[in-house]
Number of protein chains: 2
Amino acid sequence: MRRMTARPANAHQARLLRLLRDGGPNSRAQLGDQVDLSRSKLAVEVDRLLETELVVADGLAASRGGRRSHNIRLNPHLRFLGVDIGATSVDVAVTNAELEILGHINQPMDVREGPVAVFEQVLSMAAKLRASGLAEGFDGAGIGVPGPVRFPEGIPVAPPIMPGWDGFPVREALSQDLGCPVMVDNDVNLMAMGEQHAGVARTVHDFLVVKIGTGIGCGIVVGGEVYRGTTGSAGDIGHIQAVPDGRPCACGNRGCLEAHFSGAALARDATEAAEQRLSPELASRLEANGTLGAADVAAAAAAGDATALELIREGGNRTGQVIAGLVSFFNPGLVVIGGGVTGLGHTLLAAIRTQVYRQSLPLATGNLPIVLGELGPTAGVIGAARLISDHLFSPA
Amino acid sequence: MRRMTARPANAHQARLLRLLRDGGPNSRAQLGDQVDLSRSKLAVEVDRLLETELVVADGLAASRGGRRSHNIRLNPHLRFLGVDIGATSVDVAVTNAELEILGHINQPMDVREGPVAVFEQVLSMAAKLRASGLAEGFDGAGIGVPGPVRFPEGIPVAPPIMPGWDGFPVREALSQDLGCPVMVDNDVNLMAMGEQHAGVARTVHDFLVVKIGTGIGCGIVVGGEVYRGTTGSAGDIGHIQAVPDGRPCACGNRGCLEAHFSGAALARDATEAAEQRLSPELASRLEANGTLGAADVAAAAAAGDATALELIREGGNRTGQVIAGLVSFFNPGLVVIGGGVTGLGHTLLAAIRTQVYRQSLPLATGNLPIVLGELGPTAGVIGAARLISDHLFSPA
DNA sequence: CTACTTTTTCCACTCACAGGACAAAGGCGC
DNA sequence: GCGCCTTTGTCCTGTGAGTGGAAAAAGTAG
């Protein structure tokens, strides 16, 4: 179970590895078309990569009319682990070097139990995936946590919803436990990287990803790179004031967006509406399950329940108002909406769009798509795999 | 009056030119300490730069104990023109290659008269500076305009306060008239570059510059580079909603920040207060001048006028609220306040700070200075010179 | 089988660059 | 003033990256 520890020796090799990751198997000639290197130089670098076993030869490429060429591909035995820790559940997935998901487990969990308990669970999930024959070991792992991270060290800093994680050396600890390189980032940033790699944001360089889950966060991509801010807390839009003198928020202020719309706020509002008998649909669901969540509201709305629709619409308006401000400020080329509440679907999206298109200036909104994420719950783990592969596929 | 048309031939030369621009004259040895090149290579590149006359030898350097060395400096005959077009006035300045201002003229002007009239005035101002012996000609010019710009082409796009400029080929036209390379950018971006080059933001990589003049705009610097957004309208924060259902704004919406606080809004509020006899101080000033501006409010506030102070405080609160949102989102390392209202000074700053520190989370505000710009009205022209020098001091 | 492509390998040549040797020019202690 | 040390500037050669042409290898189309 020895793993590949080799790293690209120079920028050319790193470039080639990324091309193979993003474009799949390629012949030497096809690679040559993309990298602006002489054939000889390219051949040398490919040979060196073959020596390190980071890439392997893999059959014949499709003929383009002349001599048939051999394909080069990333070593099919390479395995990355993607971990996406949410507030109430955790996703663990195994990918190959092309970041295709080979296996994916989701389990409920509570971050507030602290890093030790959570990582115990994560490690057992990883072991389960390994046991099922998907991987003999991992060449790298990306971890997403629901809070700000000091990125270079991979350490959460002052995370509001996960006390007990503050200062815990996630990167180092997991690197020990897994025996492979580890990178840690905010879950929203990973979602952005996921949508950038395999989702709706493949061709855009500057975009925002708004994740509405238990809380609300925003991933910022500038020039194709995730922007994390000075202290790693960029994108923390949940506590932007959406309603002057609005509801009290856990952060101590009033009217925070997150207090008015988020998975948690929505669940509370729905329960309240059900208890007050404003919505028969929600009331019956509350009775059936004992608790209500975003999914229940989505179902009620789909059934035409007026109260549920109104909740979604109002939340969408609030969110849209905040996003409108961000659009004016940031002038992105795309806004992606994702997270647990994606199930609310078009009603939510329509409300957000209405606000943004109404409030921001035409120059910024003129050609601005606002869309739902394409990858759903896999965005995070794909982003995590992408994170560690970016790290490993860069010059040592 | 032949000008230097040479450009650095490679990245090393560009690097050296920028070092000399930012650090002033240096000996070969001192340059060597900063660039990580072998002495031989460095000597070759310096010699080539000397050949092109972009740099010149300039006397002996201070002794560091051994053989005394000759200083190298940027050609002292190089001249850049910095032009900062505001809504109601225009600044034109001449700098040397080290971006030191050699001469500076400010004149009132109205952008709404259109590009042809404005540039006529700008050209005559430039001619005046040249006639005074400060320059024989210009090696490059940077132009700032108060609206969004399609940066690569140097063309204003859909600028709200300067109709008639939409699509006018500023860069090309001025390049013809001046006979030198020209770059065009938003005035706020130039202010940010100015403060970055010679002001408070010298050591920060990610920061915001909020310019409160006739309107309100924001310069965004990410990783030391100005961020302009997908369509060049990034930083357009004047039309973010600050007051739900607030005052009507020229843009068609209600409650825009700019409608509630800006040079124009402040002048209107002050005039109103004076006419309603709420403030004797402002009333007497109105009577004396026939009109009121930010400077009058500043003076009244300095004299202890309660109404003026209240206007400033309320404007600062509104601005601070919007900035608080931007700080949560962007997590900058510094916020600079500048523009015409800087004269309102500490009262304004205190109001803004209060709001930001109250509303944004500690992780983002913990070590976040919010300060006034250091350069005042010269920030724009220095930024303009910096813009064109960055362009010229990059590999051809 | 022939003519033409495309792919791959081989090889000679260029060029950027590093770094050592050495010369030039100064400071400093004696 | 004199030797010794330090710093600066110049020269020169070796090395390794990279280019591009030629030719070989392995196909396809007619």
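Labels below follow one simple rule: chain letters A, B, ... track the order of the sequence lines, proteins then strands, and each chain is numbered from 1.
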In terms of side-chain geometry, is the basic nitrogen of B/Glu51 or B/Arg48 positioned less than 4.0 Å from the acidic oxygen of its partner? no
note: B/Ile72, atom CD1; D/dT8, atom P; distance rounded to Å ~ 13 Å
I need the NE2-C1' distance between A/His70 and C/dT7, as an integer number of Å. 10 Å
Taking atom C1' of C/dT8 as reference, at what distance in whole Å does atom CG of A/Leu42 sit? 11 Å
Polar side-chain atom of B/Ser175 near backbone of B/Glu172 as donor-acceptor pair, under 3.5 Å: no
Quick one: does NZ or CZ of B/Arg79 land under 6.0 Å from the six-membered ring centre of B/Phe138, within 45 degrees of the ring axis? no
Could you check A/Phe330 against B/Phe330 for ring pair (Phe, Tyr, Trp, His ring centres under 6.0 Å), going step by step and ending with a plain yes or no? CA-CA 9 Å; A/Phe330 185 71; B/Phe330 185 70; 8.3 Å; no
Contact pattern, 5' to 3', of nucleotides 11-19 of chain C - B, S or - by protein heavy atom under 4.0 Å: B-----SBB
Within residues 5-27 of chain B or reaching into it, pairs that qualify as salt bridge (charged side-chain N to carboxylate O under 4.0 Å, His left out) - sequence neighbours excluded: B/Arg18-B/Asp390, B/Arg21-B/Asp390
Find the distance between CG (B/Leu37) and CD (B/Glu45) and round it off to the nearest 0.5 Å. 7.5 Å
Within this structure, what is the CZ-to-P distance between A/Arg28 and D/dA25, rounded to whole angstrom? 16 Å
